[in-house]
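The first residue in the sequence is number 1, and the count goes up from there.
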Amino acid sequence: MNGIRILPEAVACQIAAGEVVDRPASIVRELVDNSLDAGADRIFVRTESGGRRMIRVLDNGRGMGRDDLLLSIERHATSKIRTADDLFSIRSLGFRGEALPSIAAVSRMTITSRLSGELGGHRLSISAGRLGTIEEIGTPEGTIVEVKDLFFAMPARRKFLRAAKTEAGHVAETVSRMLPAFPDVFFKYQEGGREIINAPPSSDVVPRFVSLLGRDAADAMLHGEEQFQGFTVRVFLVPGAFSRSRADRLFMYVNKRYIRDRLLTKALLEGYRERLMKGTYPQAAVFIDLEPGLVDVNVHPTKQEIRFHDGNAVFRALVATVERCLGSSSYSIPQDSNPVGGFEIRPLQADREVSESEWRYEKRLDGWVGPDLVSGWKTPEQTSFADGPRLLGSIGGTYLVCETKEGMLMIDQHAAHERILYEELKRQVQDSGIQVQALLLPLQFELSTGEKRILDEKADILQKLGVELEHFGGSTYILRSIPSMLQQADWREFLPELIASVDDVGFDEGKIFEAAIASMACHGAIKARDRITDSEISALVSRLRDAGIPGNCPHGRPVFNLITFREIEKMFKRVV
Ligand code: ADP
Ligand code: MG
């Protein structure tokens with residue numbers, strides 16, 4: 001084909017629509033933004049079939065009269081700005097005048113609205129961008145937007161919609177993210193008649209975090225607020241013990257708009273600093289309120305990216321606020337005797353290279369298993385180790401206690417098991433190659449752009465490790481095979497972690513292997529926590545013997561620790 005052609009208006013609209021609305025969740029975001037801009041304090045969202053069949057957003061905002069209703073579906077029609085200068089003083093969530101026409105271009109839409117103070121309202125219907133009818137109708141004050149048959153005229157786009165459950169999940173996430181920024185608004189979300197979110201207005205922000213972070217993390221949150229020249233920074237910080245291997249629980253709001261921003265993420269990490277294990281991310285929310293003129297929100301059609309005019313000042317302010325909030329609080333590195341609560345936030349020693357994986361058990365410690373729950377251990381009499389350490393038992397559900405010729409040997413069973421997996425995977429890679437297991441039921445993944453990029457760069461190396469991913473189109477990937485040793489792992493959870501783990505290690509193949517194997521070992525070990533078999537204990541102990549001196553494992557925190565008889569005798573003042 002050749003020759004340049006101007007696209008028909010309808011096609012242009014559909015293309016533009018693709019940038020603003022790509023799935024039910026983005027439609028919900030735009031519609032709820034409109035409701036918030038209209039001053040609503042009650043916003044109810046409903047979907048059918050995850051929004052593929054129907055999306056409805058009902059609000060009690062100021063509504064629209066007949067003329068505005070007709071205008072609202074025109075492209076670049078907005079009541080929120082008038083001149084280009086207004087772009088620099090945007091206080092509303094919307095301003096581009098694109099959402100309604102974009103949604104209208106790809107669905108069958110009705111907008112029913114009654115201007116506050118008027119006696120009756122109007123309903124407008126529009127299908128694939130073509131205006132249908134507009135009629136008078138009795139309706140409550142406010143606006144109801146109903147979007148049906150999303151992408152019905154665009155089979156190619158419709159194909160990319162995921163299962164109803166997946167799409168509903170995205171919608172729920174979108175609505176959840178708005179909750180903390182608008183605690184005085186009553187939000188509800190129902191899918192297929194089932195209530196998913198019910199958030200009555202609340203004077204306290206913290207309850208609004210529960211659906212985002214879970215109750216425990218929300219309860220542990222610390223609050224700080226600082227004023228700076230021209231802006232305010234408010235933070236809600238979950239202590240480092242709740243940190244995650246991915247930055248998926250960071251919530252940033254600039255003038256109440258949920259945004260994603262690298263600079264703010266970096267500042268947050270900087271503020272937490274040693275309270276966080278290397279390579280992990282905190283759970284936290286940041287609210288920055290500043291003069292609209294000091295930030296550009298018109299960077300991307302979805303308005304989730306922003307640009308600060310003085311990014312430096314904001315960066316420093318956030319670091320300072322986080323430091324103060326964490327520092328002044330009662331939370332600090334515990335010096336108490338609780339062996340479990342303590343170790344995950346012990347500061348790293350500079351002379352040891354600590355790979356992040358060794359520090360991940362703490363995430364599971366909420367479901368802490370007490371000694372009586374450790375299964376599979378035999379009594380010392382039943383267990384024999386050639387002439388090696390003799391197992392006496394385990395304490396704290398974590399530490400094996402053994403007697404050796406030199407004294408008392410303690411083994412961190414989690415770290416030890418991880419170590420075994422690590423060594424074994426490493427050996428397999430070096431020798432014959434990893435043993436691979438094809439998945440009978442291949443798993444399907446939706447990857448983020450970031451994850452796709454990492455895969456583009458490193459898929460072949462992951463494949464050598466037995467992780468075979470096939471690109472299925474769009475952001476969809478199919479996981480076809482996995483290393484046999486990691487059959488037990490929950491790959492839904494693990495794959496994103498694995499991909500993230502190979503991201504910032506550069507392009508050296510050895511380093512990438514190392515990072516991936518460490519991540520795999522870590523994940524495998526966690527799952528096997530209380531199921532280490534006798535043979536694994538023997539393997540572990542014989543390895544310990546082979547390695548010579550316990551206690552200084554090359555990676556991360558110690559796996560073994562020996563308290564010598566001499567130390568014990570000192571303890572009991574038998575020697576000085
Ligand atoms: P924008 O939000 O960028 O202005 P939209 O296409 O989302 O563009 O909406 C166009 C206009 O329609 C808005 O400026 C607003 O005046 C009006 N509008 C949309 N939704 C609502 C609503 N729920 N209540 C009142 N007015 C609305
Ligand atoms: Mg809008």
[Y] backbone acceptor or donor facing [X] side chain under 3.5 Å:
| X | Y | value |
| --- | --- | --- |
| Asp41 | Val185 | no |
| Asn255 | Arg257 | no |
| Ser243 | Pro282 | no |
| Lys256 | Phe182 | no |
| Arg114 | Thr139 | yes |
| Asp184 | Ser202 | no |
| Arg177 | Leu212 | no |
| Arg316 | Ala320 | no |
| Ser107 | Ile103 | yes |

[X] and [Y] ion-paired at < 4.0 Å:
| X | Y | value |
| --- | --- | --- |
| Glu270 | Lys266 | no |
| Arg29 | Glu173 | no |
| Arg75 | Glu98 | no |
| Arg46 | Glu48 | yes |
| Glu146 | Lys148 | yes |
| Arg480 | Glu470 | yes |
| Arg246 | Asp248 | yes |
| Asp37 | Lys80 | yes |
| Glu446 | Arg162 | yes |
| Glu226 | Arg324 | yes |
| Arg273 | Glu323 | yes |

Parallel, tilted or perpendicular: ring planes of [X] versus [Y], cut at 30 and 60 degrees:
| X | Y | result |
| --- | --- | --- |
| Tyr253 | Tyr258 | perpendicular |
| Phe236 | His223 | parallel |
| Phe231 | Phe228 | parallel |

- Can you check ring-ring contact (aromatic ring centres under 6.0 Å, His included) on Tyr189 and Phe44, steps first, answer last? CA-CA 6 Å; Tyr189 171 46; Phe44 294 169; over 10 Å; no
- How close do Gly311 and Leu263 get, heavy atom to heavy atom, and via which atoms? O-CD2, 3.6 Å
- Query: Any cation-pi pair here, Arg244 with Tyr281, using under 6.0 Å and within 45°?
  - Reply: no
- Item | Worked check of side chain to side chain contact (heavy atoms under 4.5 Å, CB included) between Asn34 and Leu100 | CA-CA 9 Å; Asn34 282 347; Leu100 292 183; 3.9 Å; yes
- Just do the side chain to side chain contact (heavy atoms under 4.5 Å, CB included) check on Glu167 and Arg23 with the steps written out, would you? CA-CA 7 Å; Glu167 295 297 348; Arg23 67 189 328 166; 3.0 Å; yes
- Query: How far apart are the C-alpha atoms of Phe308 and Asp310, what are their side-chain angles, what is the distance that settles it, and do they pass the side chain to side chain contact (heavy atoms under 4.5 Å, CB included) test?
  - Reply: CA-CA 5 Å; Phe308 293 107; Asp310 188 352; 5.9 Å; no
- Item | Passing candidate, side chain to side chain donor-acceptor pair (under 3.5 Å) with Ser35, options Asn60, Thr143, Asp59 |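 Passing option: Asp59.
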- Note on the structure: Result for side chain to side chain donor-acceptor pair (under 3.5 Å) between Asp149 and one of Arg158, Arg53, Arg108 points to Arg108
- Item | Step-by-step side chain to side chain contact (heavy atoms under 4.5 Å, CB included) determination, Ser127 to Phe152 | CA-CA 10 Å; Ser127 176; Phe152 73 95; 3.6 Å; yes
